[in-house]
Number of protein chains: 2
Amino acid sequence: MTDTSDRSLREASLETDPEAREPSGRTSRASAVDDLVEHIRTLISEGGLKVGDSLPTEKELCERFNTGRNTVREAMRILKTYGVVKVRPKVGAVIIDERMARAFDLFSFNTLEVSRETFVDIQGFRSLLEVASFELLFDKVTPEDIAELRQINTELLNAETAVNASEIDFRFHTRLVAVMGNKAILDVYKIMKPVIVKIMMKAKTVQTFATVTYSEHAEILETIEKRDRTAYQYKMKTHLDAGFRHFSD
Amino acid sequence: MTDTSDRSLREASLETDPEAREPSGRTSRASAVDDLVEHIRTLISEGGLKVGDSLPTEKELCERFNTGRNTVREAMRILKTYGVVKVRPKVGAVIIDERMARAFDLFSFNTLEVSRETFVDIQGFRSLLEVASFELLFDKVTPEDIAELRQINTELLNAETAVNASEIDFRFHTRLVAVMGNKAILDVYKIMKPVIVKIMMKAKTVQTFATVTYSEHAEILETIEKRDRTAYQYKMKTHLDAGFRHFSD
DNA sequence: ATATCTCTTATTTGTCCAACAAATAGGAAT
DNA sequence: ATTCCTATTTGTTGGACAAATAAGAGATAT
């Protein structure tokens, strides 16, 4: 009873000023949560809030935007999932920037099978990063890099499972890409990790990793050491295309 | 009163079987929401649910995992933000895969200024995609591609604002990357859009776009038409490095 | 009689409120 | 300076109602 009257009263007061709280000219036909997310985003940008600054408490957000606490919580949950705020009890919501880490989570849902198209696309991309950019790679690589790469490669020999081995395989190629010293490229590589690892494991046993993969890596490292451009491109391309025959569709 | 007794009763029953509901061996010290997300993820994978299949209703999830409805809603909100479910009133939550689209949202928070490091990284990446991959580009490009690129470039002349012009500039380069026919590369490019557009706008007016940028694009298109590898690489590299001098730090 | 359309109904999601538990920052007391 | 207490804030739950809508019931035309 009292609840009902309260509601109609509150909603009536809202009706007198519909869409007034919309910062941009959008239609406001979205859900209350989406609206609120938009509000908080403008609150961050127009308030000039930087990483480390705090957002108002849940209660203050309720009052400021005239909405319920669960709505505020769902909006904050979205922002948390985006990796732009970190909520700590009592101290409130602090602005962060962990969007890259969230992107990793995003693609870690690994239920779907890798299609032939995805395989071709991903390996084509990797070919671009790891084969075509050999000039940059040869220019920047140091003996320490090669030593580390060789160290990672030897771990392949002791891997106990194919899953374990594919993780090491991925680390080898990640370390190679890291030589280029470009953070954006490295981030992209890490984001793609789940798919790449899945491709690496395709039709491979732990023995395959310890024999075929290991020696291919070793040969690739030799071409890098000798700065043999032609051999590097050939070996790496062959290495990346190895899994191709398993898509006989 | 009744609320309190109910609660303690329920929680007591839970205490008898702590962590029993944990599918994996993780500590269960995470929040109820995070636990529930994990539960639903295993529900999807172990249930073999595919895109298009439906999840149980909120109420069923409450009963099955013995949790409150708002907790279920926050968990579903996370999954919605990830782009793995789409919830429609009455019909329930349907499994989708719009993670790539969500990744775009993720990086569309554009409050932070582009640092010199980010500029160098991003442009280095673009250089890899647009300069180093000229062989692939020249191999696949068609007269229709070039016609479309030229059409996009002419739109630069009629742009009314710098924001508008930078969007067209981005479309030009996106179209160029699309020629390679690799979806993964194109997706990465689109994800980076906010940063790239911000870089494009750096210290440029709408006049700059209509004069300098326009003619640089036109020259690049000519080198592609003539399959002039050397000229293409030089022109494109120069084009990408243009904004460099604005970082005099 | 069948098909199609409209209306009703029951179910489900969206939002809000109230209550309590858990964590903790900040102050009070020692 | 340390310890304890308290008030505030977030985390979780239950309940209520509004809004949307899928499914079924009923009406109408062919």
Contact check, side chains of Asn153(B) and Leu156(B), non-hydrogen atoms, under 4.5 Å: yes
Atom CG of Leu36(B) and atom C1' of dT12(D) are separated, to the nearest Å, by 12 Å
Please state how far atom CD1 in Ile78(A) lies from atom P in dG14(C), giving the value in whole angstrom units. 11 Å
A quick test of your reading: do over 12 heavy atoms of other residues, nucleotides or ligands sit less than 6.0 Å from NZ of Lys202(B)? yes
Base dG14(C) to side chain Asn70(A), donor-acceptor N/O within 3.5 Å cut-off: no
Between the base of dG11(D) and the side chain of Arg69(A), is there a donor-acceptor distance below 3.5 Å? yes
Going by heavy atoms in the side chains, are Thr67(B) and Val72(B) under 4.5 Å from each other? yes
Short side-chain N/O contact from Thr71(B) to OP1 or OP2 of dT13(D), under 4.0 Å: yes
Nearest whole angstrom, please: distance from the P of dT15(C) to the CZ of Arg73(B). 7 Å
DNA chain D: 5'-proximal contact among Glu74(B) and Arg88(B) (nearest heavy atom): Glu74(B)
Ranking Thr67(A) and Gly92(B) by the position along DNA chain C of their nearest nucleotide, the one closer to 5' is Gly92(B)
Strictly below 4.0 Å, heavy-atom distances to any atom of DNA chain C: list the hits from residues 53-63 of chain A, or just say none. none
Strictly below 4.0 Å, N to O, side chains only: are Arg126(A) and Glu130(A) in salt-bridge contact? yes
Atom pair distance, as rounded to whole Å: CZ in Arg77(A) and C1' in dT12(D): 11 Å
Show me the side-chain donor-acceptor pairs of residues 74-81 of chain B shorter than 3.5 Å, one per line, residues at least two apart or across chains.
residue	atom	partner	partner atom	Å
Glu74(B)	OE1	Arg77(A)	NE	2.9
Glu74(B)	OE1	Arg77(A)	NH2	2.7
Glu74(B)	OE2	Arg73(A)	NE	2.9
Glu74(B)	OE2	Arg73(A)	NH2	3.4
Arg77(B)	NE	Glu74(A)	OE1	2.9
Arg77(B)	NH2	Glu74(A)	OE1	2.7
Thr81(B)	OG1	Arg77(B)	O	2.7

Any side-chain heavy-atom pair of Lys204(A) and Asp169(A) under 4.5 Å: yes
